[in-house]
Trainee: 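There's a structure below that I have some questions on.
Since the structure is predicted, the reported quantities are computational estimates derived from the model, not experimental observations.
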Amino acid sequence: MPDFPEWLEVILRSLILMVVLFTITKILGSKQLSQMNVFEYVTGVVLGGIVAIHTFDPNSHIIYAIIAMLIWFFVPYAVQKIALKSKVFRNFTYGKSTVFIQDGKIMEDNLKKQGYSTDDLLEKLRDKDVFLATDVEFAVLEPDGTLNVLPKRENRPLTAKDLGIKLAPQKEPQTVIMDGKVLYESLANLNLNLAWLETELEKLNVSIENVFLGQADTDGQLYVDLFDDTIAVPSPNEKPLLLATMKKCQADLELFALATENPQSKTLYQTNSKKLQAAIDKIEKYLN
């Protein structure tokens with residue numbers, strides 16, 4: 001590099017190598033950050049070491065740092081591509097899962113192979129809110145060091161399926177307002193538009209620019225958090241209100257049927273009461 005004051009050279013080296021390291025990390029993928037295995041961990045350490053050494057050593061050539069970083073980029077990148085096609089190679093470079101508990105029995109030999117003591121296993125189980133090893137049907141140590149646990153059937157939380165309850169399908173909510181700005185793509189994902197959003201905000205007596213975060217679900221209910229934390233915003237109540245209104249109408253029809261002495265009117269009230277009750281039974285799961 002041209003002759004610069006050392007402090008300025010350190011700044012320039014840091015910026016250049018930071019850009020290169022960020023680019024390499026992005027290309028290698030987010031897995032490099034969230035679930036590093038042994039190979040990826042070594043790669044990250046070496047890349048960080050290269051950047052650190054060549055940042056603070058004014059006598060080293062920055063081009064050597066870039067060459068070294070490119071080598072440590074292309075090798076892991078090639079390993080990733082080969083590992084996607086070969087399970088044997090993937091097991092060799094990334095490692096493979098190890099079963100610690102199977103059919104409720106602890107696999108002592110597998111614990112020893114991985115260098116795990118009984119205390120280590122119990123600590124991992126406690127991380128999963130399991131305090132008795134006998135409550136576990138199956139446990140496996142993943143290559144990234146995570147222990148995944150399957151409790152025995154009687155120790156698992158009850159689900160709607162276990163109780164024979166059929167629930168309405170539900171998709172993920174969408175963030176439609178962020179930092180006072182409308183996210184039109186998120187609105188479109190829910191088949192909603194700006195007019196709907198403005199109407200819902202008008203019900204809450206707030207404006208778009210005052211909303212820090214706004215989220216909508218697939219039922220068309222809007223949840224907002226305002227910049228001003230002193231202002232309380234009511235929770236959406238359209239679904240409970242609709243269900244309560246339908247139940248009241250059905251009860252009123254039954255009362256009208258009991259109160260009238262006209263046979264035709266009584267039949268009409270009773271018929272519509274049954275129809276409304278049938279409609280309530282069908283949609284109540286969607287409104288709860």
Trainee: Give me the ring orientation class for Phe89 and Phe92: parallel if the planes are under 30° apart, tilted from 30 to 60°, perpendicular past 60°.
Mentor: tilted

Trainee: Closest approach of Ile50 and Ala65, non-hydrogen atoms and distance?
Mentor: CG2-O, 3.8 Å

Trainee: Are Asp109 and Lys113 ion-paired here, with the side-chain N under 4.0 Å from a carboxylate O?
Mentor: no

Trainee: When rounded to the nearest 0.5 angstrom, what is the spacing between CG in Leu276 and CG in Asp281?
Mentor: 9.5 Å

Trainee: Quick test of your reading of the model: are Arg156 and Glu137 salt-bridged, counting only N-O distances below 4.0 Å?
Mentor: no

Trainee: Given Val176, which partner from the list Leu197, Val211, Leu183 fulfils the side chain to side chain contact (heavy atoms under 4.5 Å, CB included) test?
Mentor: Leu197

Trainee: Check the side chains of Gln114 and Asn110 for a donor-acceptor pair under 3.5 angstrom, ignoring hydrogens and angles.
Mentor: no

Trainee: What residue pairs, at least two apart or across chains, pass side-chain hydrogen bond (donor to acceptor under 3.5 Å, both in side chains) with a residue in residues 119-133?
Mentor: Ser117-Asp120

Trainee: Any side-chain to backbone donor/acceptor pair from Asp162 onto Leu158? Under 3.5 Å, distance only.
Mentor: no

Trainee: Counting distance only, does the side-chain N/O of Lys152 pair as donor-acceptor with the main-chain N or O of Asp135 below 3.5 Å?
Mentor: no

Trainee: Ring-plane angle category for Tyr269 and Phe256, please: parallel below 30°, perpendicular beyond 60°, tilted otherwise.
Mentor: tilted

Trainee: Determine whether a donor-acceptor pair (N or O, by modelled atom type, separation under 3.5 Å) exists between the side chain of Asp179 and the backbone of Lys181.
Mentor: no

Trainee: Is there a donor-acceptor pair closer than 3.5 Å between any side-chain N or O of Thr175 and the backbone N or O of Ile177?
Mentor: no

